[in-house]
Amino acid sequence: MSQPIRVYNTLTRTKERFEPPADHHVRIYACGVTPYAEAHIGHARPALIWSVIRKYLEARGYRVTLVQNFTDVDDKIIDRARAEGEEPLRLAARFSQQYLDAMRRLGIEDADRYPRVSEHIPDIVEMIETLVEKGFAYVVDGDVFYDVTRFPEYGKLSGQRLDELMAGTRFEADERKRNPMDFALWKAAKPGEPAWDSPWGPGRPGWHIECSAMSLKYLGNHIDFHGGGLDLVFPHHENEIAQSEAYTGRPPFVRYWVHNGLIKMGAEKMSKSLGNVVSVEALLERHPAELIRFYLLNTHYRSPLEFSDGAFEDARRGWRRLATAVAELRRFMAEHGLPRSGAEEQAPADDEPAADPGAALRSPIDPDALAPQLDEAGRLFAEAVAETPARFDAAMADDFNTALAIAALFDLARAVNGYRQHLARRGRGETEGEAAVRRGAGPVSRRGGGEWRVVPPPEEAAGRAAAAGAADERLVAALIELVLEVRQEARAAKNWAVADRIRARLQELGVVIEDTPEGTRWKKAEDA
RNA sequence: GGCGCAGUAGCCAAGGGGCUAAGGCGGGAGUCUGCAAAACUCCUAUUCGGCGGUUCGAGUCCGCCCUGCGCCUCCA
């Protein structure tokens with residue numbers, strides 16, 4: 001049976017046991033983006049992590065609702081829009097769409113909802129009104145500020161003491177504030193800015209309040225997870241707690257605060273304001289989505305991740321081995337007349353969740369029962385296939401340790417390749433027991449192939465995706481086959497010079513050749 | 001100045017009181033192979049930034065120090 005899920009809670013600075021909600025419905029709010037520029041990999045990390053956590057929770061039999069906001073009303077957007085001569089909301093809509101497109105191209109499934117500030121002004125106004133009525137907020141000249149001294153627990157998330165914060169204020173505080181740390185819930189409109197009517201006059205929401213309002217609206221109080229980058233802990237999430245718990249009067253607003261580490265460029269943080277970003281689009285031009293996912297998931301979500309092209313190339317080599325193993329497994333299935341594992345690798349359809357909760361987390365075979373039918377290599381293979389789901393489960397249950405889970409995939413890949421080689425050398429076909437083990441490996445590899453998409457999809461699926469260029473693709477393939485045929489004749493005649501020249505020239509053209517006992521294979525370099 | 005995170009092999013990176021310190025890259029030696037590639041096998045940290053302490057036992061807990069980073073102003 002699966003072990004309890006443990007999750008690191010920023011609020012308590014410890015790994016805590018996750019107590020599932022009574023209705024088995026897990027509610028997640030992941031802080032999204034302020035869409036004023038192209039999405040970069042720093043945005044992709046939390047989006048990817050939450051989509052993977054979500055899949056894991058669903059595999060454990062929970063129903064999951066994931067909400068991710070767009071803060072489409074914001075100073076940065078207004079500034080940028082002014083510079084570009086574009087309507088702020090239009091610009092925000094444009095970059096929101098760009099973000100969604102980029103995430104989809106990375107193979108990240110949509111969240112259940114993407115609420116926008118601009119569409120929730122009434123909810124926000126209502127919340128601010130209540131905070132004013134309850135005495136947590138005060139109005140000055142059309143602005144509304146939150147009085148941090150009214151919330152005794154202010155600072156509990158970030159471990160700050162209010163007096164220290166006040167003392168350490170580095171900026172010139174607005175003199176109309178009661179305390180320097182008070183923050184704006186509502187900002188009176190300035191000329192040329194988007195504005196909405198409110199009881200305090202035309203204006204717009206401050207930062208922070210939108211997440212409280214939209215989280216409470218769509219997920220209710222006491223949600224299970226609230227996530228975002230480590231840079232949001234203070235003041236954003238601190239302020240969210242203050243607003244939300246003051247508003248509801250029934251803490252906790254959030255049960256587990258989950259923050260991902262930041263992506264750094266060299267030694268520095270990657271951020272739009274520093275201008276050292278790598279956009280998702282730019283990365284996708286150079287690398288397959290699966291490699292990018294692998295790169296991101298191969299480090300635990302809470303660790304800082306230093307981005308560099310060199311690190312990416314190192315990751316690529318390891319990733320290639322995984323991809324090769326899965327490709328070999330698929331080929332193996334096909335050659336032995338077994339169902340292509342491609343079908344099995346598709347993620348389960350959305351409308352059939354939890355038909356058998358946890359099935360994917362259990363071993364598909366019983367190695368002990370099969371043992372009498374297996375030789376030594378077969379037993380090793382069977383054990384690897386049998387162990388992988390449990391290792392995967394254990395890794396994910398321990399604070400969603402994707403890096404540890406991927407290590408299990410590497411071990412499985414080695415077992416698959418080793419077994420395949422063993423079979424080829426032994427010379428006779430597999431026994432019924434061995435075939436059973438290999439059939440079991442299909443669904444297991446699905447975790448990496450289909451569900452996590454850290455290895456490329458089956459060729460036929462990729463082929464469909466590239467249907468537009470299909471005719472050319474077929475022609476190219478036919479030409480390569482032709483060349484290889486000629487080269488094979490040269491090899492048969494031991495004309496190594498010609499054979500090697502063909503190989504070298506194809507290599508220059510980006511076509512990699514491998515001579516195997518079963519014949520010559522080829523693939524494009526970028527897929528290898 | 002305050003708060004917080006991190007420092008594990010040549011590089012990346014898991015592990016957070018006790019079985020042999022995961023996994024990847026790189027490197028070395030083999031197997032297979034016309035050669036190459038791929039793949040497989042074995043080897044590559046008596047030790048976890050430093051110094052003290054707690055403990056029968058510490059990368060793992062505590063204290064101090066060093067180094068790097070983040071937040072305290074917009075940021076995933």
Side-chain angles (χ1 to χ4, degrees), chain A residues 10 13-15 30-34 36-37 39-47 49 68 71 74-76 79 155 158-161 163-172 181 207 227-236 238 259-264 267-274 277 294-295 298-300 302-306 308 310-311 313-322 324-325 328 391 395 398 401-411 413-422 424-425 491 494-496 499-500 503-504 507 512-517 521 523 528:
Chain A
T10 305
R13 312 258 172 218
T14 54
K15 265 190 217 173
C31 266
V33 298
T34 300
Y36 71 92
H40 59 73
I41 49 171
H43 300 122
R45 172 124 99 147
I49 286 159
Q68 191 181 355
T71 300
D74 171 271
D75 291 348
K76 288 281 178 194
D79 291 348
S158 55
Q160 316 259 4
R161 291 205 339 249
D163 51 346
E164 295 285 359
L165 281 171
M166 303 279 203
T169 306
R170 287 196 327 211
F171 53 93
E172 209 56 38
M181 295 313 295
W207 190 36
L230 214 48
D231 53 350
L232 293 181
V233 172
F234 191 92
H236 186 55
E238 193 71 70
H259 292 98
N260 60 274
L262 304 181
I263 292 184
K264 304 195 299 176
E268 262 190 330
K269 171 183 172 178
M270 172 183 298
S271 84
K272 284 182 276 194
S273 43
L274 289 174
V277 302
F294 172 83
Y295 182 76
N298 203 23
T299 299
H300 183 78
R302 274 194 287 114
S303 298
L305 178 55
E306 242 178 77
S308 76
E313 286 313 311
D314 288 347
R316 179 191 285 273
R317 298 198 193 102
W319 170 78
R320 192 180 307 172
R321 214 179 95 224
L322 265 191
T324 300
E328 291 295 349
R391 286 180 62 190
D398 186 6
N401 195 332
T402 55
L404 195 55
I406 285 177
L409 291 183
F410 270 105
D411 288 337
R414 174 172 287 110
V416 168
N417 288 332
Y419 173 69
R420 185 173 55 87
Q421 200 160 86
H422 167 74
R425 286 181 190 173
R491 290 183 72 214
K494 298 202 190 304
N495 189 346
W496 308 127
D500 291 350
R503 181 169 63 198
Q507 173 96 42
V512 179
I513 287 185
E514 291 172 15
D515 294 317
T516 76
R521 292 178 191 158
K523 56 190 169 188

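Chain naming here is simple, since letters A, B, ... match the order of the sequence lines and numbering starts at 1 in each. Note that the structure is predicted; figures quoted are calculated from it, not measured. As a basis for the values below, the full set of heavy atoms in this structure was taken, side chains included, without hydrogen atoms, waters or symmetry mates.
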Whole angstrom value for the distance that separates P of B:rA36 from CG of A:D500: 10 Å
Rounded distance in Å between the P positions of B:rG70 and B:rG53: 35 Å
Length of the line joining A:Y36:OH and B:rA76:C1', which is rounded to integer Å: 11 Å
C1'-based separation of B:rA36 from B:rU31 [nearest Å]: 16 Å
A:S158: side chain to side chain contact (heavy atoms under 4.5 Å, CB included) partners, not counting sequence neighbours: A:Q160, A:V233, A:F234, A:E238
Minimum-distance nucleotide (side-chain atoms of A:H43 versus B:rA76, B:rG34, B:rA38): B:rA76
Pairing partner (Watson-Crick or G-U wobble, both distances under 3.5 angstrom) of B:rC61: B:rG53
Closest-nucleotide 5' rank along RNA chain B - winner of A:T516 and A:W496: A:W496
Gap in Å between the two P atoms, one belonging to B:rA37 and one to B:rG27, rounded: 12 Å
Steps toward side-chain contact (heavy atoms from CB on, under 4.5 Å) verdict (A:R391, A:L404): CA-CA 8 Å; A:R391 286 180 62 190; A:L404 195 55; over 6 Å; no
Side chain to side chain donor-acceptor pair (under 3.5 Å) against A:T71, all qualifying residues, sequence neighbours excluded: A:N69, A:E210
What's touching nucleotides 7-9 of chain B from the protein side, N or O pairs under 3.5 Å?
none

Touch class at under 4.0 angstrom, heavy-atom based, for A:I406 against every strand present: nothing
Side chain to side chain contact (heavy atoms under 4.5 Å, CB included) partners of A:D515, counting only residues at least two apart: A:R487, A:R491, A:R503, A:I513, A:T520
Opposite nucleotide pairing with B:rG7, Watson-Crick or G-U, both atom distances under 3.5 Å: B:rC66
Closest approach of A:L230 to A:L262 (non-hydrogen atoms, all atoms of both residues): N-CD2, 3.9 Å
A:D411 side-chain proximity, nearest of B:rG23, B:rA76, B:rG34: B:rG23
Sugar-phosphate, base or nothing in reach of A:D74, heavy atoms under 4.0 Å: nothing
Between B:rA22 (P) and A:L409 (CG): distance, integer Å: 18 Å
Gap between atoms CG and C1', on A:L262 and B:rG4 respectively (whole Å): 12 Å
Those residues that, when tested against A:H422, pass ring pair (Phe, Tyr, Trp, His ring centres under 6.0 Å) (two or more places apart): none
A:R161 vs A:D163, salt bridge (Lys or Arg N to Asp or Glu O under 4.0 Å): CA-CA, chis, key distance, verdict: CA-CA 6 Å; A:R161 291 205 339 249; A:D163 51 346; 3.2 Å; yes
Nucleotide paired to B:rC71 in any strand shown, Watson-Crick or G-U, under 3.5 Å: B:rG2
Syn/anti state for B:rG26 [syn: chi within 90° of 0]: anti
Side chain to side chain contact (heavy atoms under 4.5 Å, CB included) involving A:A403 - partner list, sequence neighbours excluded: A:N401
Separation of the C1' atoms in B:rA13 and B:rG26, to the nearest angstrom: 14 Å
Separation of B:rA37 C1' from A:E328 CD (nearest whole Å): 12 Å
Sugar-phosphate, base or nothing in reach of A:H422, heavy atoms under 4.0 Å: nothing
For A:R302, salt bridge (charged side-chain N to carboxylate O under 4.0 Å, His left out) partners two or more places apart: A:D399
Return the polar atom pairs (N/O with N/O) between nucleotides 39-44 of chain B and the protein under 3.5 Å, or none.
unit_1: B:rA39; atom_1: O3'; unit_2: A:N417; atom_2: ND2; d: 3.0
unit_1: B:rA39; atom_1: O2'; unit_2: A:Q421; atom_2: NE2; d: 3.4
unit_1: B:rA39; atom_1: N3; unit_2: A:Q421; atom_2: NE2; d: 3.0
unit_1: B:rC40; atom_1: OP1; unit_2: A:N417; atom_2: ND2; d: 3.4
unit_1: B:rC40; atom_1: O4'; unit_2: A:Q421; atom_2: OE1; d: 3.1
unit_1: B:rU41; atom_1: OP2; unit_2: A:R414; atom_2: NE; d: 3.0

Counterpart base for B:rA29, defined by Watson-Crick or G-U wobble contacts under 3.5 Å: B:rU41
Atom of A:G318, atom of A:F410 and distance for their closest heavy-atom approach: O-CE2, 3.4 Å
Set of side chain to side chain donor-acceptor pair (under 3.5 Å) partners for A:R321, sequence neighbours left out: none
Any residue meeting side chain to side chain contact (heavy atoms under 4.5 Å, CB included) with A:I49, in chain and number order, not counting sequence neighbours: A:R45, A:I53, A:N260, A:Y301
Side-chain-base donor-acceptor pair under 3.5 Å for A:R503 and B:rA36: yes
Syn/anti label of B:rG59 as read from its glycosidic torsion, with the cut at 90° from 0: syn
Atom pair CH2/CG of A:W319 and A:L409 - distance to nearest 0.5 Å: 14.0 Å
Touch class at under 4.0 angstrom, heavy-atom based, for A:V33 against every strand present: sugar-phosphate
Sugar-phosphate only, base, or nothing, as touched by A:L230 at under 4.0 Å among non-hydrogen atoms: nothing
side-chain contact (heavy atoms from CB on, under 4.5 Å) between A:K264 and A:M270, worked out: CA-CA 5 Å; A:K264 304 195 299 176; A:M270 172 183 298; over 6 Å; no
Sugar-phosphate only, base, or nothing, as touched by A:G159 at under 4.0 Å among non-hydrogen atoms: sugar-phosphate
B:rA29 and B:rC69, which share atom name C1', separated by this distance in whole Å: 41 Å
Between B:rU54 and B:rG59 - P atom distance, rounded Å: 16 Å
Watson-Crick or G-U wobble partner of B:rA36, both distances under 3.5 Å: none
C1' spacing across the pair B:rC43 / B:rG10, given as an integer number of angstrom: 16 Å
Sugar-phosphate, base or nothing in reach of A:G310, heavy atoms under 4.0 Å: nothing
Between B:rA9 and B:rA45 - P atom distance, rounded Å: 11 Å
Closest-nucleotide ordering on RNA chain B, the 5'-leading residue of A:A315 and A:G229: A:A315
A:P46 side chain, from C-beta outward: closest of B:rA76, B:rA36, B:rA22: B:rA76
Rounded interatomic separation in angstrom, taking CZ from A:R521 and C1' from B:rA38: 9 Å
For A:T10, side chain to side chain donor-acceptor pair (under 3.5 Å) partners two or more places apart: A:H259
Base-contact (B) and sugar-phosphate-only (S) positions in nucleotides 12-21 of chain B, heavy-atom cut-off under 4.0 Å, - elsewhere: -SSS------
Base paired to B:rA14 (Watson-Crick or G-U; both N/O distances under 3.5 angstrom): none
